[in-house]
Each structure stands twice: as structure tokens, then as C-alpha cells.
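Right, one structure below, let's go through it.
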Amino acid sequence: MSCAANRVYDAIIVGAGHNGLAAACYLARAGLSTLVLERRDIVGGCCVTEEIAPGCRASTTSYIASMLRPEVIRDLKLGEHGLRMVPCDPALQVPFPDGQLVSWWADRERVVAELRKISSKDAETFVRVDDQLKKLARYLQPFFLEPPPDIDTKSLSGWSYLLRVGKRFRGISSAELSQLVSFLTGSLGDFLDRNYESEKVKTLFLANNIYGKHGGPYQPGTALGLLFHLLSGGADELQGFYGHVMGGMGAITEAMASAARGFGVEIRTSAPVAQIDSRHGRARGVVLEDGTEIRTRLVLSNADPKRTFLKLVSESELPADFVHAIRGIKMDGPCAKVNMVLSEEPRFTGTPANYDPQQRSLFTLVPSLEFAERCYDIAKFGEIPEQLWVDCVIGSNADPSLVPPGRHVMTCFVQYVPYKLRHGTWDENRELLGDRVVKKIAEYAPNVAQAIVARQVLTPLDLERTYGLTEGNIFHGELNLEQLFFNRPVAGWSQYRTPIAGLYLCGAGAHPGGGVTGAPGHNAAHQALRDWKRGKFKEAMA
Ligand SMILES: Cc1cc2nc3c(=O)[nH]c(=O)nc-3n(C[C@H](O)[C@H](O)[C@H](O)COP(=O)(O)OP(=O)(O)OC[C@H]3O[C@@H](n4cnc5c(N)ncnc54)[C@H](O)[C@@H]3O)c2cc1C
């Protein structure tokens with residue numbers, strides 16, 4: 001083993017995903033000497049823009065910025081570091097097999113007008129339900145940028161925090177409380193069946209929800225997505241914001257890396273961490289795969305909980321029940337991504353001739369509620385469904401700088417596919433998945449198949465191998481109630497601290513979970529800073 005100089009950093013971040021970079025910014029801004037180590041040769045984790053064919057760049061993994069916390073954008077001055085987001089308008093667009101295209105506009109009156117074309121009763125219900133959902137989402141919003149309350153607290157500050165949290169619900173009526181409980185625990189399918197009459201309207205809501213989730217729309221807990229999507233986002237803090245990022249999603253993490261360097265953070269890429277060195281219950285440093293040892297007072301891991309605690313930390317340093325709980329985190333799949341370069345723009349049926357390129361930049365091909373439920377069941381038993389749920393974004397229509405003239409990029413998020421196949425391997429079935437996605441798209445945009453110049457298929461296994469996502473899970477652990485709030489990453493450890501003093505979890509596996517939010521990174525850094533200020537880690541390293 002070689003030892004990197006005698007330098008002892010105040011903090012090392014394992015991983016340069018957007019949460020790791022956000023955490024690094026906050027720590028360095030507070031004066032801590034901070035080093036970020038990333039295994040890939042680029043920063044960004046699954047918030048990146050990559051070249052998929054000569055001169056053609058795409059958001060290879062995440063593709064829409066809907067939940068990036070406005071506070072993080074402001075604190076890190078990401079605008080000054082080049083971040084520019086343009087609201088998606090429409091935020092959602094669903095072509096139906098009968099040729100109708102329904103657009104979900106940013107302006108509510110326009111959505112109501114679209115829905116009225118399908119069912120006037122549903123259009124009226126939409127207004128009532130939308131008001132209700134927005135109000136309920138506001139109760140949840142403040143929980144995003146702080147650790148979940150510590151129910152076991154014995155300290156005065158812990159009790160006063162619990163009191164503050166309680167006060168947030170002071171104005172809530174009993175009717176709202178029961179609505180909140182049913183959104184947290186109920187199913188999207190049941191909610192839609194109860195409130196809407198038209199299958200098309202229900203499909204529209206389905207298209208806007210349960211991304212990345214295990215479970216069909218009738219599974220308990222799936223209604224929660226309705227609230228999650230109404231948390232505010234974007235620089236202007238708009239409820240239900242959906243944004244195209246100019247330069248692709250990588251522009252977010254490029255801006256964060258630039259902000260981090262500005263605060264004095266050192267970022268090293270192609271530097272995979274093999275081990276988090278902890279002894280006698282205390283983190284002391286990291287060891288890189290090439291054997292280099294680097295010493296530090298704090299370690300924040302941006303890797304997911306399974307990777308962090310089952311691969312990077314020695315099991316003997318952790319309590320057995322903690323390891324058992326980490327092993328039990330539900331991950332396995334269920335998503336994939338297919339990115340394409342095209343020689344002509346996809347022409348989706350039903351698109352009005354007067355739509356501008358931005359309005360022609362997203363199309364969701366979604367099955368009915370009933371069919372989505374079946375697709376999940378097929379995937380659950382290890383098969384690749386014949387009919388897939390495909391969310392297409394034509395990035396080059398939102399930002400032509402992504403491609404040279406005459407080329408277009410389309411990224412396609414695919415749900416549901418298994419991590420573990422029942423027959424064969426993903427290496428054998430990768431192109432089969434790509435073919436099924438193209439077949440699905442051809443039903444709505446027949447010109448696509450013959451326009452493909454390059455195709456990149458990222459199966460759940462590729463998401464694991466390339467992006468470091470255990471079992472390909474896009475959120476570092478399923479977002480179900482059992483794995484949220486007090487239970488994220490596992491019960492008893494939702495405050496970013498871990499059983500090893502000085503080691504924190506700062507990625508999507510921690511509260512409030514996945515998505516490009518910056519929230520876990522922000523919260524973990526603040527927790528570590530609170531401990532730092534109490535003088536916990538200032539002693540010289542032995
Ligand atoms: C296909 C796909 C589509 C998605 N679509 C969207 C979307 O449209 N909108 C949205 O908001 N969210 C989306 N998401 C989810 C979102 O991208 C993630 O939840 C979020 O980016 C996670 O960020 P993170 O910083 O916590 O972790 P990550 O982005 O996973 O970053 C972790 C980093 O740690 C590095 N790392 C791991 N182990 C080590 C090690 N041993 N040494 C050094 N480095 C290490 C990894 O290489 C990686 O760079 C999508 C995700 C995927 C995969």
C-alpha cells in the first residue's frame with residue numbers, strides 16, 4: 001500500500017454524484033478541507049451528459065430536472081456556474097393508440113381545457129384534486145431539507161425539533177390528515193378509479209407517476225408519487241416544476257463541480273475507493289483500488305447503502321443487525337434506458353403541425369392502469385415484458401447544441417424490467433430489450449426505426465456496472481413507505497450518521513431519497529457540520 005503524502009483531509013466524499021458534490025460544497029464552504037473521489041472518469045454519477053456517437057451528447061441516465069432543490073441552486077449559485085433550466089411545457093405528453101395526443105401544460109387552465117376534450121366531469125375533478133394535492137404537498141415540503149425527526153431523542157434540542165415539526169401540522173384538519181395518510185399508504189390505481197371516469201385521464205396520471213417504482217399502480221404506497229411530484233423545484237420554486245437542462249443533465253453536476261472547486265474542493269476522477277478504513281468504530285481514511293491510502297477526519301459516502309456497507313466497510317466493524325437490515329433493502333431494478341441518435345426527428349402521431357420543437361420534445365408511451373399492473377407482474381418473475389412503458393425525450397429539440405446539424409438524440413426511460421432474468425443473462429438479452437423499445441416507439445412514431453444511427457441500451461446490469469448502482473436501482477433503494485423517512489436507509493439510522501463515528505451517508509439511499517434533488521447531500525453535510533462544530537472530530541489523527 002502506498003500512502004498519499006502525510007496530508008489529513010477534514011472530509012473525503014466517496015463518489016461525485018450530484019449529492020456527493022453538493023455535500024462537498026457545503027463542507028468546503030464551512031472551511032473544511034475536502035476531497036472528492038470518483039470511480040468513473042467523469043463527475044456526475046447518474047446526472048451526466050455523455051457522448052453516445054461522434055458529436056452527439058445525451059443525458060444517458062436521468063433526463064428531466066424536476067426536483068432539484070431551489071435552496072441548493074441558490075446556495076451554490078449554480079446559475080453563475082452555467083446551469084440553465086427551461087421549464088418543460090408541456091410537462092407531459094401522451095399519444096394514445098386512437099391518434100389523440102394529450103398535453104399536460106404548465107398552465108392549469110390549459111390542462112383543464114385538454115381534459116375537457118376527454119371528459120368535462122374529470123376536468124372539474126382535476127381542479128378540486130389538484131388544489132388538494134398541492135396543499136398536502138406543502139406539508140411534506142419542509143421535511144425534504146432536514147433529517148427526519150429522531151423519535152428516540154433524549155436531548156433538549158431533539159425535543160424542541162420534534163415540537164417544531166408538530167407545529168407544522170397545527171393548521172391541518174382531520175380530513176386533510178386522513179387524506180395525507182391515504183396518499184402515503186394507498187394505491188395510485190384505487191385513487192384514480194375513485195376520482196376519474198375516463199381511462200385516458202387515468203392513463204395521463206399514470207404517465208406522470210410511479211417512475212422507478214417496484215409495483216404496479218394498484219400496489220399500496222404508489223399514490224405517494226402524486227405528492228412527490230408537486231414539491232416545488234427549479235430556480236423559481238414552482239410546484240410541479242419539470243425542466244429541460246441546457247447541455248443535458250450533466251450541466252447540473254458540471255455546475256456543482258465548478259462551484260465545489262470555487263470553494264476549494266479537490267476532485268479526483270478515475271479514483272475508485274476500495275475500502276473505507278475504520279478501526280474501533282471510527283472512520284480514519286480510505287484506501288483506493290490502486291492501494292493509495294488517504295487519511296481524513298470525516299468520510300461521506302455517496303455510494304448506495306449496500307455498496308457502502310457491504311463492500312467498502314469491513315463487516316466486523318458493523319453491528320450484525322445493521323448489516324442484516326442493509327442486506328434487506330429492496331433494490332433490484334426495475335428500469336432501463338435506451339438512448340438513440342437519429343438521422344431525422346421522430347414524428348409522433350397526433351402532434352399538431354404548429355407545435356414548436358420544445359413542444360415536440362417529450363412523449364410518454366404508457367399502458368393502461370390494468371396493463372401496467374400486468375407488466376410489473378411479468379417483470380417481477382424475471383421476464384422482459386413484450387409491451388414496455390417508454391418515456392421518450394427528444395433532448396435535441398429542447399437543446400439543439402447537443403447534436404450536429406442533421407442529427408437528433410432521443411433518450412428513452414423504460415419500465416418495468418427485472419434485474420435478475422429468469423432465462424439467460426442481460427448480456428445476451430440487451431439488444432432484445434432495445435428491439436422491443438424500438439417496436440413500441442414504432443407504434444406511435446413509425447419513422448424512428450429506420451432513422452437510428454446509434455443505439456445505447458443500458459440494462460439494469462449496465463446501470464450497476466457503469467454507474468455503480470447496486471442491482472441497477474435508480475434511487476439507491478426503492479422509494480416505498482417502508483424505506484422512507486425514519487426507515488431510510490434502515491430504521492434507526494435516518495440521520496445520515498452510521499454505526500461508524502465519522503462516516504455519513506450522503507447519497508440517494510439516505511432521506512429523502514432518489515431523484516436529482518441535492519437534498520441528501522445538503523442534509524448529510526449539515527449533519528456532519530453540526531457534529532464537527534461540537535468538536536467531535538477535531539483531534540489529531542493517531
Ligand atoms: C436511468 C435513470 C433515469 C433517471 N431519471 C431521472 C430523472 O429524469 N429525474 C430525476 O430527478 N432523477 C432521475 N433518476 C434518479 C437520479 O438520477 C438519482 O436518484 C440521483 O442522480 C442519485 O444521485 P446521487 O448523487 O445520490 O448518486 P449517484 O448519482 O449514483 O452517484 C454516486 C456516485 O458514487 C460513485 N461511486 C460509487 N462507488 C464508488 C467508489 N467505491 N469509489 C468512488 N466512487 C464511487 C459512482 O460512480 C457515482 O458517481 C434517474 C436515474 C437513472 C439511473
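Counting starts at 1 for both ligands and their atoms, in listed order. The structure displayed is predicted, hence computed values, not measured ones. Residue numbers start at 1 and run along the sequence shown.
In this structure the side chain of P512 reaches within 4.5 angstrom of the side chain of N523, judged on heavy atoms.
Distances shorter than 4.0 angstrom occur between a heavy atom of G17 and an atom of ligand 1. Residue contacts with ligand 1: P272 is included, with a non-hydrogen atom under 4.0 Å away.
Atoms of ligand 1 lying under 4.0 Å from at least one heavy atom of L469, given by number and element, are 30 (O), 53 (C). Annotation for ligand 1: atoms under 4.0 Å from non-hydrogen atoms of R307 are 37 (C), 38 (N). Each of the following atoms of ligand 1 lies closer than 4.0 Å to a heavy atom of G514: 19 (O). Listed by number with element, the atoms of ligand 1 under 4.0 angstrom from any heavy atom of G45 are 29 (O), 31 (O), 48 (C), 49 (O). Remark: ligand 1 atoms within the under-4.0 Å shell around heavy atoms of N19 are 23 (O), 24 (P), 25 (O), 26 (O). With ligand atoms numbered from 1 in the order given, ligand 1 contributes 37 (C), 38 (N) to contacts under 4.0 Å with heavy atoms of A303.
Between W389 and Y416, the ring-plane angle classifies as perpendicular under the 30° and 60° cut-offs. Using cut-offs of 30° and 60° on the angle between ring planes, the pair F485 and H511 is tilted.
At a 3.5 angstrom cut-off on N or O pairs, I64 counts as close to ligand 1. Here's the thing with H18: one of its N/O atoms is less than 3.5 angstrom from an N/O atom of ligand 1. For ligand 1, one of its N or O atoms has an N or O atom of V273 under 3.5 Å away. Between G507 and ligand 1, a contact under 3.5 Å exists for no N or O pair. Polar contact check, R40 against ligand 1: no nitrogen or oxygen pair lies under 3.5 Å apart. Checked against a 3.5 angstrom limit, the closest N/O atoms of V516 and ligand 1 fall inside it. Residue contacts with ligand 1: Y63 is placed with a nitrogen or oxygen under 3.5 Å of a nitrogen or oxygen of the ligand (distance criterion only). The shortest N or O to N or O distance between N302 and ligand 1 is below 3.5 Å.
Of the candidates A524, A508, G515, it is G515 that places a heavy atom closest to atom 19 (O) of ligand 1. Among G518, C46, S59, the residue whose heavy atom lies closest to atom 17 (O) of ligand 1 is C46. The nearest non-hydrogen atom to atom 36 (N) of ligand 1, considering only H476, M256, M249, R39, comes from R39.
No hydrogens or angles considered: nothing links the side chains of D427 and T425 as a donor-acceptor pair under 3.5 Å.
Without hydrogens or angle criteria, S103 side chain to W105 main chain gives no donor-acceptor distance under 3.5 Å. Between the side chain of K337 and the backbone N or O of L463 there is no donor-acceptor pair closer than 3.5 Å.
With salt bridges taken as basic N to acidic carboxylate O contacts below 4.0 Å, one links D435 and R455. Salt bridge annotation for R327-E315: present, with a cationic side-chain nitrogen under 4.0 angstrom from a carboxylate oxygen.
Under 4.0 angstrom from ligand 1, the non-hydrogen atoms of L37 all belong to its backbone. Under 4.0 angstrom from ligand 1, the non-hydrogen atoms of F413 all belong to its side chain.
Applying the side chain to side chain contact (heavy atoms under 4.5 Å, CB included) rule to A24 yields the partners I13, T34, V36, V265; only residues at least two apart in sequence or on another chain are considered.
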Candidate pair E383 and R436, rule salt bridge (Lys or Arg N to Asp or Glu O under 4.0 Å), full reasoning: CA-CA 13 Å; E383 309 278 355; R436 284 193 183 167; over 6 Å; no
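No more than 12 heavy atoms of other residues, nucleotides or ligands lie within 6.0 Å of CD in E482, so this atom counts as exposed by the packing criterion. Annotation for R84: atom CZ does not count as buried by contact number, only 12 or fewer foreign heavy atoms lying within 6.0 Å.
For the residue pair V72 and Y26, the shortest heavy atom distance occurs at CA-OH, 3.6 Å.
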